[in-house]
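Comments concern the structure below.
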2 protein chains.
Amino acid sequence: MRASKREQLVDTAMRLFCRDGFQSVGIDRIVAEAGVAKMTLYNHFKSKDELVLAALRRRDELFRNSFSRQVEAAVDTPAGRLAALFDVLHAWINSDDFNGCVFCNAAAEYRDASSPIRALAAEHKRLMLAYIRSLAEQAGAEHPEGLAEHLNLLLEGAISQALTASDLDAAKTAARAARVVLDTLPKQ
Amino acid sequence: MRASKREQLVDTAMRLFCRDGFQSVGIDRIVAEAGVAKMTLYNHFKSKDELVLAALRRRDELFRNSFSRQVEAAVDTPAGRLAALFDVLHAWINSDDFNGCVFCNAAAEYRDASSPIRALAAEHKRLMLAYIRSLAEQAGAEHPEGLAEHLNLLLEGAISQALTASDLDAAKTAARAARVVLDTLPKQ
DNA sequence: AACTATACAGACCCATCCGTCTATTTCAAG
DNA sequence: CTTGAAATAGACGGATGGGTCTGTATAGTT
């Protein structure tokens with residue numbers, strides 16, 4: 001067996017949840033597409049919510065890895081990487097499988113603020129901001145925290161606008177806005 | 001009869017959809033809380049989706065009215081009103097009934113991009129941006145379109161962060177970021 | 001008073017949901 | 001070969017979903 005049944009389930013669930021949402025995707029469909037028996041799912045996870053958590057944890061890992069890898073492959077300088085954030089965002093928004101931020105979508109579907117799913121979404125956003133802050137510090141920004149917060153809001157706003165306003169150019173708009181702030185960085 | 005049955009339904013549906021989401025709120029609960037018979041609902045609306053559309057249309061009207069009224073009551077000058085956007089946002093985020101932007105939530109729950117619900121959400125975002133642009137023009141901005149887009153992204157980012165990252169200070173963060181751009185406005 | 005449109009309560013239908021149970025099969029380790 | 005854990009297919013249960021149907025009651029109009 002190449003991949004463990006558990007991995008098959010998590011990968012399939014992640015893909016379906018990202019594309020079609022959480023409540024819209026039923027257990028039966030997940031096990032059918034993963035090619036495993038329903039009982040196998042319930043041997044590995046206590047409930048659908050546990051599977052949702054596992055899928056989101058995997059998505060967080062893959063997304064942040066892929067995002068930072070692309071940013072760092074694009075440019076060498078920290079300041080350039082802050083600008084490249086928006087290029088990577090643009091590529092994502094215009095890719096075939098863009099369906100907004102799955103963590104935002106999860107927060108929209110799971111309304112109980114004390115849900116572990118919401119906690120995981122918040123943690124993902126915290127880690128994304130931390131990554132941007134680290135780039136801002138490396139770039140020698142005068143106020144790295146403020147710069148990171150500013151860029152983070154532009155990125156988050158662009159993701160939101162891309163989905164809700166069906167604006168595929170949202171990242172380009174955000175990049176133009178970011179230029180105003182990035183111009184204050186010390187010239188390398 | 002004080003309010004028409006139809007209005008009771010739309011108001012109740014809007015309240016429940018905003019608080020608990022769309023798929024989570026069933027027809028039975030709406031008619032029960034609205035105090036009308038189920039057949040009355042289906043005499044006024046062809047389907048649940050039609051009710052969702054009516055509720056979102058009402059929300060769009062109420063929200064934009066309330067938002068612009070608060071902004072204009074706060075300050076007199078156009079430039080001041082651009083800053084006041086973030087104060088009104090802050091008040092909303094920290095109010096009891098904040099559950100994110102219901103149009104973003106709708107886009108998250110209704111994944112079919114060709115759905116009329118998605119079209120309505122996009123229209124709401126378009127109108128919000130148009131309002132900000134009108135303020136930017138009145139404020140005499142050098143590039144009103146660019147300024148409006150920038151502020152809009154900060155506002156949208158703050159709404160998203162407030163919900164997903166459970167960050168009740170997101171509007172304050174966005175206000176600090178906005179200051180950088182608003183300082184370029186001509187002094188009155 | 002007669003008529004008409006609207007609203008009523010609630011049973012009903014069919015589909016889907018999550019989760020459980022069972023009985024069978026696979027397959028690697030001792 | 002034997003044993004035992006893991007996976008299988010699929011039926012099943014109880015709940016809930018959206019939507020339909022029926023028969024009755026209300027209320028405003030002529």
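Per chain, numbering begins at 1; letters A, B, ... match sequence-line order. These numbers were taken from a predicted model, which means no experiment stands behind them.
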- prompt: How close or far is atom C1' of dA6(D) from atom CD of Gln8(A), stated in whole angstroms?
  reply: 14 Å
- request: Figure out the CZ/C1' separation between Arg6(A) and dA7(D), and round it to whole Å.
  value: 16 Å
Are there any protein N/O atoms within less than 3.5 Å of an N/O atom in nucleotides 24-26 of chain C, and if so, which ones and at what distance?
none

- request: Give me the other members of the hydrophobic cluster that Leu41(B) sits in, counting Ile, Leu, Val, Met, Phe, Trp and Tyr linked by side-chain heavy atoms under 4.5 Å, directly or via other members.
  value: Leu9(B), Val10(B), Leu16(B), Phe17(B), Phe22(B), Val25(B), Ile27(B), Ile30(B), Val31(B), Val36(B), Tyr42(B), Phe45(B), Leu51(B), Val52(B), Leu53(B), Leu56(B), Val102(B), Phe103(B), Tyr110(B), Ile117(B), Leu120(B)
message: Within the 4.0 Å limit for protein heavy atoms, which parts of nucleotides 9-21 of chain C are touched? Write it as a string from 5' to 3', B for base, S for sugar-phosphate only, - for none.
response: BB-------SBBB
query: Which residues satisfy the salt bridge (Lys or Arg N to Asp or Glu O under 4.0 Å) test with Glu149(B), sequence neighbours excluded?
result: Arg176(A)
message: Per the side chain to side chain donor-acceptor pair (under 3.5 Å) rule, what does the pair list look like for residues 50-59 of chain B, sequence neighbours excluded?
response: Asp11(B)-Arg58(B)
message: Less than 4.0 angstrom between a side-chain N/O of His44(A) and OP1 or OP2 of dA7(D), yes or no?
response: yes
- prompt: For Asp167(B), which residues count as a salt bridge (Lys or Arg N to Asp or Glu O under 4.0 Å) partner, sequence neighbours excluded?
  reply: none
message: Restricting to side-chain hydrogen bond (donor to acceptor under 3.5 Å, both in side chains), what partner residues turn up for Glu123(B), sequence neighbours left out?
response: Arg126(B)
task: Return no unless some side-chain N or O of Thr40(B) is found under 4.0 Å from OP1 or OP2 of dC8(C).
output: yes
message: Using a strict heavy-atom distance below 4.0 Å, which residues from residues 106-114 of chain A are in contact with DNA chain D?
response: none
task: Each residue besides Met14(A) in its hydrophobic cluster should be listed here, by chain and number; the cluster joins Ile, Leu, Val, Met, Phe, Trp and Tyr at side-chain heavy-atom distances under 4.5 Å.
output: Leu62(A)
- line: Sequence neighbours excluded, the answer for salt bridge (Lys or Arg N to Asp or Glu O under 4.0 Å) partners of Arg118(B) is none
With sequence neighbours excluded, residues passing side-chain hydrogen bond (donor to acceptor under 3.5 Å, both in side chains) with Lys38(A): Asp28(A)
query: Going only through I, L, V, M, F, W and Y residues with side-chain contacts under 4.5 Å, is there a path from Ile159(B) to Val71(B)?
result: yes
message: So, using side-chain hydrogen bond (donor to acceptor under 3.5 Å, both in side chains) as the criterion, who are the partners of Asp169(B) when residues are at least two apart?
response: none
